[in-house]
Amino acid sequence: MAEALACIRCGRCEPACPVSLAPDRLHAAIEAGREDASLARCVECRACTGACPSRIDLLGEFRAARRRMFAAEARRRAADEARERSERRSRRLARVREDAAERRRRRLAAPRPWERPQ
Amino acid sequence: MSPGAAGLSLLRAPASTEALMFRVVIALVPCIAVACWAFGVRVLLQCGAALAAGAAVEAACRAIRRQPVRPLADGATPVTCLLIGLALPPQAPLWIAAVAAVIGIGLAREVYGGLGRNVFNPAMAGYAAVLVAWPQALSWVDAETGATALDALRFRGAVTTDEAMSEAAFGVMGARGFEWVNAAALAGGLYLVATRVIHWRIPAAVLAGVALPALALYDGGSSASLGSPLFHCFAGATMLGAFFIATDPVTAPRGAGHQWLFGLGIGAVTFLIRVSGAYPDGLAFAVLLGNLAAPALDTLRRDAGPDPDGSASPPAPPGRDE
């Protein structure tokens, strides 16, 4: 297969998309290094890639971009959960220390064994 | 894909960019043939000079950018060079065609990054550059061909259009020679519309842009008349511009409404320059002005992008079966 040419802005990809995305705009965003949130709606049906007269691998680009987007989102969620776990642990440890300190105070405040009434 | 693959079935819509471009070249053949019949074989020499210079500068620029060279392979340079060759008057020196091709392809296309990245129509940029630099050499008026119809109509003094149009510069319905070149361009353009290479929207808009002001200002052909709509549609480079130049997808706006504006603007500015500007035919400048407006129009479209179900927030990551 001959190599891909540049986008000639012919507009054949947009009517081909079944979920009403604008593959030409997505392609331009990916080329510019930007992220486009509407990539989430892509169903990877390959219609736009088939319509492109310049043989641009739109599906390949969109898949890679979606993977990056999902991976970044997964990392964010993992980091959030880790932070929450860490905070819960800190609170638990603080509680344990507090309980121990409280028991110690009570023990020391109570009467000594030789002072207890017989 | 070789260009010949689509050439075997010239009635089907082309599928690749190369096939699209070469289909435009084929659609230009009638126009070139009629131009040779009307103005002489030197038209072919102009096209050839432009092609040679265009191929050379395209190869040089690609080599500098360390891209595969493959001269003329994507078909865009032949289209540009043939348009330049048709736009220039045949008696102009051939080196001017070469300069126009070098400026058009080297400066207006390759420097921007090559096919698909240019802002201005390369053929019009090259032609406008040489037109402004060597206006004498590019006038169609000289002892051999006589005044063109547009010139004759504009500078005719106190003569009605009927009387004026019996002069040598006029033919059956418009400018002598030019009218048939325009008719051939119309035929080629209709072929492109029929085979879905271009949409009819922009050509219709350009012709409306030229014809409607002409119609509005038409007073039946008095000595002050600016020319009938029919005359203007078949004079100068109107048909060529409407079907082959303004329809370049790289430099035209994308949205339907914007394309109407674009075409109407080009037609209207062409008419305006014809009747009150310094050049007999203003198509090149009108197209370049339209090219300037196109990215701005596209930006408007981008901001109003579709998001019907409001799902434009970052997605949840898919499950493990992705």
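Remember, predicted model here, so these are calculated numbers, not experimental data.
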Show the nearest heavy-atom pair for residues [X] and [Y], with the distance to one decimal.
X: A:Glu3; Y: B:Pro68; value: OE2-CG, 4.0 Å
X: B:Gly116; Y: A:Arg9; value: O-CD, 4.5 Å
X: A:Ser54; Y: B:Thr17; value: OG-OG1, 2.8 Å

Heavy-atom contacts under 4.5 Å, residues 52-67 of chain B to chain A: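 The residues closer than 4.5 Å to chain A amount to none at all.
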Using only non-hydrogen atoms and a strict under-4.5 angstrom cutoff, which residues of residues 245-263 of chain B touch chain A?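 The stretch touches chain A at B:Pro249, B:Val250, B:Thr251, B:Ala252, B:Arg254.
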Please classify the contact between A:Ile8 and chain B as side chain, backbone, both or neither, with a heavy-atom cut-off of under 4.5 Å.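 Contact with chain B involves both backbone and side-chain atoms of A:Ile8.
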So what's closer than 4.5 Å to chain B heavy atoms on A:Asp36: side chain, backbone, both or neither?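 For A:Asp36, no heavy atom lies under 4.5 Å from chain B.
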Please tell me if the side chains of A:Arg55 and B:Glu18 come closer than 4.5 Å, counting only heavy atoms from C-beta onward.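 When only atoms from C-beta onward are counted, B:Glu18 and A:Arg55 do touch, with a gap below 4.5 Å.
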Would the number of heavy atoms belonging to other residues, nucleotides or ligands and lying under 6.0 Å from CZ of A:Arg105 be above 12?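 Result for CZ/A:Arg105: enclosed.
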Side chain, backbone, both or neither of B:Leu20 within contact of chain A (heavy atoms, under 4.5 Å):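 Contact with chain A: side chain only.
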